[in-house]
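Scroll down for the structure; my scribbles are underneath it.
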Amino acid sequence: MRWLVGWSSAAAGSLGGPVGHDGRRGDGVSYGGRVGHEGETLQPVGSQLLWGDPDPLWAVGDWRPDEVRVVGVDPQTRIAVFGTCGATDEQLRIGLFAARGGALRHLTAWAGSYTAIVQVGRRLTVCGDLAGARPVFHTPWAGGTAYATAALPLADLVEANLDFGHLAALLAAPDVPAALHDSTPYDGVRRIPPGHALILRAGAREIAGYEPVASLAVAAPSADPDRAVDAVRDALVEAVRARLSAPRHVPDIDPGPVPGMGPAERRAARGMPVPGIGADLSGGPASGTLALLAAGLPGRPGTLLGHGTGAGERLLAVTFNDLAVGGREAELERAGVLAANPRLHHVVVAGSEETLPYADLDGPLTDEPGQSLVTAARHRARLASGSADHFTGHGARQVLDAHPARLADLLMDRKRRHLVRPVAALTKADGSVLVPARVYGAARRLARTPYRAGLEELADRLLHRSFSFDDPSGAVGASLAALTWGGAGPAARWLTGEALAEVSVRLQGAALRTGGGPGRRPGDYRARAALTRHAMDLRVLEQAAEIRSQRLHAPFLDNQVVRACRALPETLRVQPGARAAILRTVLKGAGVTDLPHGWGAPSQASATAAARAGLRMAMDPLLGLFEAPLLAEAGLVEARVVRKALRAAASGEPLPLDGLADLVSLELWLRRLLSRRGTCWTGTPARARAVPAGIAPQRRAVSSGG
């Protein structure tokens, strides 16, 4: 796990100064003016100091040398960039001068995935990304503001307790930004929204957006589809090229042979990735596009000479073959055809019962809870055979596909004729002649519903446990349920009445706070919320399934790729098969035309079968987990209700398995958090860590009348 942390204090002081090996200036004053117990300097454990007094900044974790760059023009004006950034040092200087004048968007327009921090005198600017994969957190501390790219270090710093209202909202309405707002699992630690920057001036904080907001008074300007797709291609190519142009990294040297094991098996057994660059190759369009782009661009995309296969030019393509649950034969066949490319070295990872969801309930503590905790072992088995730099197609669905609520956007823009093809596809999938009228009626109702009324309606449904669980299943049911400003989460049915009332109060407060609404059309608003939710879960997955010395790259979540995808016309993205058609055009523009038959076809296999099989295999450990769960101690669920739901789902009843995964993952995260030892900081006693008192619910808004 890698993160940045610093603070902006109200106390004035000189900038710069010589640095000693113990983190103190040459004059004996500790950085930030903070001295812990017994005179020890307060600083993060295992940190690298980048600059000091009075607003210090540290990098913590196994950062590569090329992932941390600091460019300055004087001791009081400098920029730090963390991650994969395609900008040169000269471009960073230009961005620094632009940021000094207030142009923040310029800092987010380079290729790659990174966090930029600018210091101009006592003013600090920390830029978040558009998707939410690289978030920024902050909390009041010592008369100023502490900030970090992880929430747990700040929670340790202020000894934050759990925010039970946030945990309830994660279960009851995870896809509704108004329910979560800027909170985190830790009380008092806040998150800045995607597309915003945190600005600190001598301890005072301000949150500023750097993206323009489209007007609701007029229709969105019509964009040329061909030019928009070309922009997506250029952004993806630049995102991949930024990774290829970075220095290659060789993991720790293999200590020697093991009888009966080849080099690849030996590396996987020791948790070491293959040197060089690789990619997922699932047979789907997103991973296939990235693998073919990375293998086709010049610049030695494959493994290093003298390491691994020794080919020196081939990209390692990893395909996961789930032997415990079938149904993906067509995708595997397409992956094999793609892997016949001579620039690809294909590796198939066989999955067994040990890689089913819920098979391994042990794992590392992540910064936040997420559904990926129950599937981390499944992903780790695949990534263990991957490369030191590994491309994944995560985020493609969220940035390219059309959220069903975009049908309401088309009605608002008077583009009714573009509803014909998506509604016809839903009718064909359902087989009912009533589908067009139902979908059109729901889209029209959403287009005429104000944002505030939508939140109040959801708050009322949660308060009275009036969930739409009786809606038809399948694509039509999912589309109808999504044609709202916000819906209840799949785990809401198992929450206690008090927890649902708590979330209802949060939604009612958000409705009063926002007034006229978020300033966006409902489809665009729901699509951005879905992207943020996916990026948060991917961040949890990266931490839970982390392989030492490996970096996961998700170019579809890069700022420039997200911007290019948002510029796609809605009339293009709502058409059936739009994502595959766009990526096919992207590959054609990059010179790749020989794609297998059926490429881009939607997969008929579902994660449902794997999740249900995993539930059956892990039924005893799961029932033991919820014998006396911390979630029940916090008042969020009743243990017997969850145990009954687990047995019913394992026996085949049509229950929302995603909701059970949310419950299990949150219970696992709470247990790992409360069982941890130590803290992220030196200079503090052992008790100075997050949630020092364990599960101790505070008086809630619903019970206090607040």
Side-chain angles (χ1 to χ4, degrees), residues 1-3 5 44-46 60-61 135 137-139 141 146 148-171 174 180 183-191 358 360-377 380 491 495 499 502 536-546 621-622 624-637 639 642 661-681 684-698 700:
M1 184 173 171
R2 294 164 297 281
W3 39 278
V5 64
V45 175
V60 184
F137 305 89
H138 64 90
T139 187
W141 181 71
T149 55
L152 182 58
L154 298 183
D156 279 347
L157 185 65
V158 300
E159 294 186 275
N161 287 310
L162 290 170
D163 185 343
F164 294 99
H166 177 87
L167 299 181
L170 274 180
L171 296 173
L180 300 174
S183 62
T184 67
Y186 313 100
D187 190 22
V189 179
R190 301 295 175 182
R191 178 198 321 266
Y358 307 100
D360 185 3
L361 299 182
D362 294 327
L365 172 66
T366 56
D367 190 43
E368 296 180 277
Q371 196 177 101
S372 296
L373 291 180
V374 302
T375 59
R380 194 181 302 115
L495 297 187
E502 178 80 11
M536 291 171 58
D537 200 52
L538 176 61
R539 180 169 173 262
V540 173
L541 171 63
E542 289 179 338
Q543 299 169 8
E546 185 177 19
L622 289 175
L625 186 69
F626 283 93
E627 188 64 35
L630 296 176
L631 288 176
E633 188 176 344
L636 300 181
V637 300
V642 179
D662 288 335
L663 290 174
V664 173
S665 60
L666 184 52
E667 177 68 22
L668 289 174
W669 181 81
L670 286 173
R671 289 175 178 257
R672 294 173 190 178
L673 177 66
L674 297 184
S675 64
R676 68 189 285 250
R677 297 178 179 271
T679 174
C680 294
W681 297 85
T684 61
R687 66 180 181 276
R689 62 176 184 267
V691 200
I695 299 292
Q698 305 297 313
R700 299 182 175 180

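For the single chain, residues carry numbers from 1 onward in sequence order.
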Taking only residues two or more places apart in sequence, or in another chain, which ones meet [X] in a side-chain contact (heavy atoms from CB on, under 4.5 Å)?
{"X": "L170", "result": "H166, L167, L180, P369, R533"}
{"X": "T149", "result": "W3, L4, T115"}
{"X": "D537", "result": "Q371, S372"}
{"X": "R380", "result": "D360, P364, A376, A377, A545, I547"}

Do the side chains of L495 and V637 get nearer than 4.5 Å, heavy atoms only?
yes
What I'd like to find out is whether the side chain of N161 reaches to under 4.5 Å of the side chain of P692, using heavy atoms alone.
yes
Using the rule side chain to side chain contact (heavy atoms under 4.5 Å, CB included), only one of T366, V664, L666, D662 pairs with L373; which is it?
T366
Acceptor/donor pairs from residues 150-158 side chains to any protein atom, 3.5 angstrom cut, sequence neighbours excluded:
unit_1	atom_1	unit_2	atom_2	d
D156	OD1	R676	NH1	2.9
D156	OD1	A690	N	2.6
D156	OD2	R676	NH1	3.4
D156	OD2	R676	NH2	3.0
D156	OD2	C680	N	3.1

Exercise: identify the closest heavy-atom pair between [X] and [Y]:
{"X": "L663", "Y": "A491", "answer": "CG-CB, 4.2 Å"}
{"X": "W669", "Y": "E368", "answer": "NE1-C, 3.4 Å"}
{"X": "A632", "Y": "A639", "answer": "CB-N, 4.3 Å"}

Gap between atom [atom2] of [Y] and atom [atom1] of [X] - 0.5 Å precision:
{"X": "R191", "Y": "Y186", "atom1": "CZ", "atom2": "OH", "answer": "10.5 Å"}
{"X": "R689", "Y": "T679", "atom1": "CZ", "atom2": "OG1", "answer": "8.0 Å"}
{"X": "S665", "Y": "L361", "atom1": "OG", "atom2": "CG", "answer": "11.0 Å"}
{"X": "L625", "Y": "Y358", "atom1": "CG", "atom2": "OH", "answer": "11.0 Å"}
{"X": "M1", "Y": "L365", "atom1": "CE", "atom2": "CG", "answer": "8.0 Å"}

Could you tell me which residues satisfy side chain to side chain donor-acceptor pair (under 3.5 Å) with Q543, sequence neighbours excluded, listed by chain and number?
none
Taking only residues two or more places apart in sequence or in another chain, which ones pass side chain to side chain donor-acceptor pair (under 3.5 Å) with R671?
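Scan of R671 (side chain to side chain donor-acceptor pair (under 3.5 Å), adjacent residues dropped) gives E667.
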Would L162 and I695 count as a side-chain contact (heavy atoms from CB on, under 4.5 Å) if you check the C-alpha gap in whole Å, the side-chain angles of each, and the deciding distance to 0.1 Å?
CA-CA 8 Å; L162 290 170; I695 299 292; 3.6 Å; yes
Can you tell me if T139 uses its side chain to pair, donor with acceptor, with the backbone of G188 under 3.5 Å?
yes
Could you work out, with salt bridge (charged side-chain N to carboxylate O under 4.0 Å, His left out) as the rule, every residue matching E546, not counting sequence neighbours?
R2
